[in-house]
Every structure is written in C-alpha cells, then in structure tokens.
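For reference, the structure is listed below as structure tokens.
Chain naming here is simple, since letters A, B, ... match the order of the sequence lines and numbering starts at 1 in each.
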Amino acid sequence: MVTSLRGMPDIYPEETQQRDQLTKIFTNTAFLHGFHRIETPILESLDVFVRSVGETSDIVSKEMYTLKDKGERDLCLRPENTAGIIRSILNNKKSHIENQKYFYYGPMFRYERPQKGRLRQFSQLGIEYINAKSPTADVESIILANDFIKNIGITDYTLELNTLGDEETRKNHKKALVEYLSKHQQNLSKESQDRLQKNPLRILDSKDEKDIEICQSAPLLVDFLSKSAQDFFDRVVNLLNELNIYFNLNPYLVRGLDYYSHTIFEFKSGDLGSQSTFLAGGRYDKLSQLLGGRVLPSVGWAAGLERLMLISNLKKEDQITTLVIPGDESLVSPSLSLVDKIRSRGITSEVSPSTSFKSGLKYANKNQVNFAVLLGAKEQETNTVTWKNLLTGSQHTNTLEEFIKEIKK
RNA sequence: GCGGGUGUAGCUCAGUUGGUUAGAGCGCCAGUUUGUGGCACUGGAGGCCGUGGGUUCAAACCCCAUCACUCGCCCCA
C-alpha cells in the first residue's frame, strides 16, 4: 500500500476543526493589534535560509528539505517563515515603509525525527513587526503573544526573556567567552567542543551537566552590553513591568537561529515533554542585511500550531445543523429546495442520503445533527415541515418560517 | 543523526512453554410489523497477526532485516 511520509500526517475533521478555530482566534487577535496577513511561497531558494538562519545552525545544516528544480537551482521547503517574509519585503521594495505589521500561518518543513509536538511537516503561525526600531515594538509583540495565548485558553506557561545585545556587545562577549571556554575545553561535552569553533554562544544553552557547570561562571553577555543595547533592553523590561506582564530573565537563553539580536523570548509550558517551547521569537535587526538589503530593524515570533493544540483549551463552537429527510424518491427535489431555503437563512442543512425516515434519522444522529426535518407526502400537501429536536426527541409540525424561528432560539 | 518501546479486526487490546478453523469490548451493517434516531435484544460482515527473509514437522509467538508509530537525546515551534 502507498503510505504517507514519516512525520507528515493526514488531518481529519476532528482535528481540522480545532486547528481552524485556533487560526481564527489568532487572526482575530492579530487584527485587533493592527496586523494583516501575508503569504509567501512554501518553496524558496536554498540561499534564503543559508544566509539568514545560518549555515552552522542545526536547521540549515541537517534539517532542511532541499531539492533541485529542472534548471538545477537549489531550492528548499521553508523551515520557517521569517526569512521568506524579509526576502519578500526586499524584493517588493517595501523596505522604506516603517512599522509594517504582518501575521502568517502555514506549513513549515524540517527533516527531524518526529516525536511529541514535533513533526516534519508542521504549521507555524506568527507575526513580524518590520522596520520598527522602537523597543515598544518588542513589547507590543509580546503583548500580542500574551493575548493570543490567553484567548486560546492556555493558562499554565512561563515567559522567558533575554537580550543578545547589538553587534558590538556580542563581539566583545564572544571574545571573552571563547577565552574562558578554551580554558575548560577538555571538560566540555563533545558537541560543545565543536560549538566552540562554530557558535560558542550556543554552549550557554547546553543541557549537558558538565557544560552547565562550566557555564555557571562563564562571562555573561549581560555584562558586555553596550550603553545603547542596555538602554534598549531596559526600556523593554520596564514597559513589561509597568504592564504587569510576568516574565523570567534568563541570561542563558539563546536562539537556534543566527539572525537574532537584542530582545529574545520564549513561552514555555510544562505539558509538552522535551518540546516545552511553544512560542518563541525576538528581534532580528540584521536579517535583511544578511539577505542583501538595507538595515531593517524588526521583531517577531512564531508558534507551533501542533504544540498549541496539545496545550490549548478551546470551547467547542456550537452551531445549529439540520437534516432534511425526504419520505420517498418524489420528495428528493422538494427536499433539495427546502435545504436551499434553510441555508439561505445561514443555517447548515443537508439532505439525507437515503429516502427513509429511519435511516435518515440514524444518519442525523451519527452526524450530530440538531434538528431533523421530515418531509413526507402529508407535509408536502399542507406546505408544512415536521421537525424533530434530536436532543430532546420532541416533534412538531409547522410552516418553514415557524420552524426556523423555533430553532434559532 | 543516536537510543528505548510498540506493531494482532475500523478503534482499544487479549492470545498459555511454538501445536487444529486467531478472540473480546467498542464501532460498523441488518433485523426486533405502523412515516421515527439515540437505549436494549438478536444476528451478520470484517484479520496475509506491519512487510520480507530465516529456524522448525509446525510460527501471531523464536532469530535477522526492513518499514511505520511512539517516547527520549540532539535541536527546535
């Protein structure tokens, strides 16, 4: 038998309903904050991510779905959306516009071993606040995240916050860090010894016990913050405090994508196993330059839809549904007209697949229809409908208008 | 990429030290007289025991491989 690919599940209505509800709430929340939806291609040039996310990052070095097209161009399925959106802003000559607010949702791809809350094709939803240099933008992004999280019924979570500073900050810190870690090189884990060359900052985020111990007394980036980077972060922290948004300062927090600078944050939940982060983001002032554009200070975040599904608490949306059951073949056509009339009132209506009240009612019951409409010869003659409330079992015969009035109660 | 666990009916799972026609519950289909669902009762359909190889007189059961799912590691949303 032909099967689906690993980590690429088929999604049926039991889940699509909840997914749609989540994206609907996300859309509404983002609209309330003045954000508008952007859509960029799923397939991009490999370069978009190699240059932005970083060649040494795990995402690019081992998790990309790459392919060649018929013109031998190197392409890949997008592992995230931020780089694609900035690429788009540059291509479409929109870099001069300040304070652009976008949101998106859609499929992303990473070639990883699937596990709880992690798939190869997964959905992310996120926002980008582009060409926004004020620290207020960082705070607004976090507020939007917070609102969204609350709106989907997640109550048990923490927000971790850190700053990566500006380039000057990181240059100085990196120097001190490499100096310090080199002294302990032989005690570092194998991975971290590798990282020492490629991306020493990541060692601070290691889960290896020895690494953690060594990092305890490693020079912290916070101590190297330039005046302007410090001021910027102070403004973010103060605003969050003034707004009573609770967060933990975590000086060890780093991100897996190379393009971040200044503010970074992660929302975490304890209910996701090892994949505790369900929403994460930060500021990425230099990303557009990596893609060959002008400076475009921006901030944004992304959340994993599947992870949100595991921890969200959505109320079921109830809506009225009706099923019209023709009593015999000759009543199929009148039934089709009847459902059309009911639908035109904005009420979901189906025609029973069979022309017997018995099997029609069974179908209605199975598909959780609220009201069955029995259209028999009698009703047809008297221009009425017999309708049954399937929850209570009560049954009445009325005109169509009376029926609709009744069920809308 | 690395490690652990699990693959038997649509679903959840039994299946004895290897031994005849592989079971249950739920679900599905049909029936239990009137133009009527849910509940109950009765009956029925449905399995290459994940796939391929091997050991054996004999394999769902033992061995090897492979695939899938799952939980961790790494990493990430």
Ring centres of A:Y102 and A:F35 under 6.0 Å apart? no

Would you please confirm or rule out a distance under 4.0 Å between OP1 or OP2 of B:rC76 and any side-chain N or O of A:R118? no

Hunt down the Watson-Crick or G-U wobble partner of B:rG31, both distances under 3.5 Å, from any strand shown, or write none. B:rC41

Please confirm whether the shortest side-chain N or O distance from A:K366 to OP1 or OP2 of B:rC29 is below 4.0 Å. yes

Does a nitrogen or oxygen in the side chain of A:R113 sit under 4.0 Å from OP1 or OP2 of B:rG1? no

Give one of base, sugar-phosphate or nothing for A:R255, where a contact means two heavy atoms less than 4.0 Å apart. sugar-phosphate

With the six-membered base ring of B:rA77 as reference, does the ring of A:F122 sit under 5.5 Å away with planes under 30° apart? yes

Within less than 4.0 Å of OP1 or OP2 of B:rU36, is there a side-chain N or O belonging to A:K388? no

Select base, sugar-phosphate, or nothing to describe what A:G7 touches, counting heavy atoms under 4.0 Å on all strands. sugar-phosphate

B:rU36, B:rC73, B:rA77: which one has an atom nearest the side-chain heavy atoms of A:F357? B:rU36

When rounded to the nearest Å, what value does the distance between P atoms of B:rC64 and B:rC26 take? 39 Å

Would you kindly give the CG-to-P distance between A:N389 and B:rU36, to the nearest whole Å? 19 Å

So, for A:F103 and A:F31, is the gap between ring centers shorter than 6.0 Å? yes

For B:rG7, which nucleotide is its Watson-Crick or G-U wobble mate, given both distances must be under 3.5 Å? B:rC67

Proximal nucleotide (of B:rC69, B:rG37, B:rA77) relative to the A:K358 side chain: B:rG37

What nucleic acid atoms does A:L279 come within less than 4.0 Å of, heavy atoms only: base, sugar-phosphate, or nothing? sugar-phosphate

Are the side chain of A:E63 and the backbone of A:V60 linked by a donor-acceptor contact shorter than 3.5 Å? no

Under 3.5 Å, is there a donor-acceptor pair between the side chain of A:T399 and the main chain of A:E402? yes

Classify A:L374 by what it touches in the nucleic acid, base, sugar-phosphate, or nothing, heavy-atom distance under 4.0 Å. base

Need one value for A:Q395: base, sugar-phosphate or nothing, where a base atom within 4.0 Å counts as base even if backbone is also close, heavy atoms only. base

Before accepting this row, confirm whether a basic side-chain N of the pair A:R19/A:E306 lies closer than 4.0 Å to the acidic partner's carboxylate O. yes

Spacing of A:L314 atom CG and A:K24 atom NZ [to the nearest 0.5 Å]: 11.0 Å

G-U wobble or Watson-Crick pairing nucleotide for B:rG1 (cut-off 3.5 Å, both distances): B:rC73

With heavy atoms under 4.0 Å as the rule, sort A:L119 into base, sugar-phosphate or nothing. base

Between A:R78 (side chain only) and A:T40 (backbone N and O only), is there a donor and an acceptor less than 3.5 Å apart? yes

Determine the contact category for A:E379: base if any of its heavy atoms lies under 4.0 Å from a base atom, sugar-phosphate if only primed atoms, P, OP1 or OP2 are that close, otherwise nothing. base

Describe the nucleic acid contact of A:A364 in one word from base, sugar-phosphate, nothing, applying a heavy-atom distance below 4.0 Å. nothing

Taking any heavy-atom pair under 4.0 Å as a contact, classify A:E112: base, sugar-phosphate, or nothing. base

Nearest to the side chain of A:F278, heavy atoms from C-beta on, is which of B:rC73, B:rG37, B:rA77? B:rA77

Hey, does A:K362 reach any base, or is it just sugar-phosphate, or nothing, if we go heavy atoms under 4.0 Å? sugar-phosphate

Counting only side-chain heavy atoms from C-beta out, which of B:rC76, B:rG37, B:rG72 sits nearest to A:K116? B:rG72

For B:rA58, what is the paired nucleotide under Watson-Crick or G-U wobble rules, both distances under 3.5 Å? none

At 4.0 Å (heavy atoms only), tell me whether A:G393 reaches a base, stays on the sugar-phosphate, or touches nothing. base

Relative to its sugar, using the 90° cut-off around 0, the base of B:rG23 is anti

Using purine N1 to pyrimidine N3 plus N6-O4 or O6-N4 for Watson-Crick, or N1-O2 and O6-N3 for G-U wobble, both under 3.5 Å, which nucleotide pairs with B:rC49? none

Can you tell me the Watson-Crick or wobble partner of B:rC13, both distances under 3.5 angstrom? B:rG23

Determine the contact category for A:N365: base if any of its heavy atoms lies under 4.0 Å from a base atom, sugar-phosphate if only primed atoms, P, OP1 or OP2 are that close, otherwise nothing. base

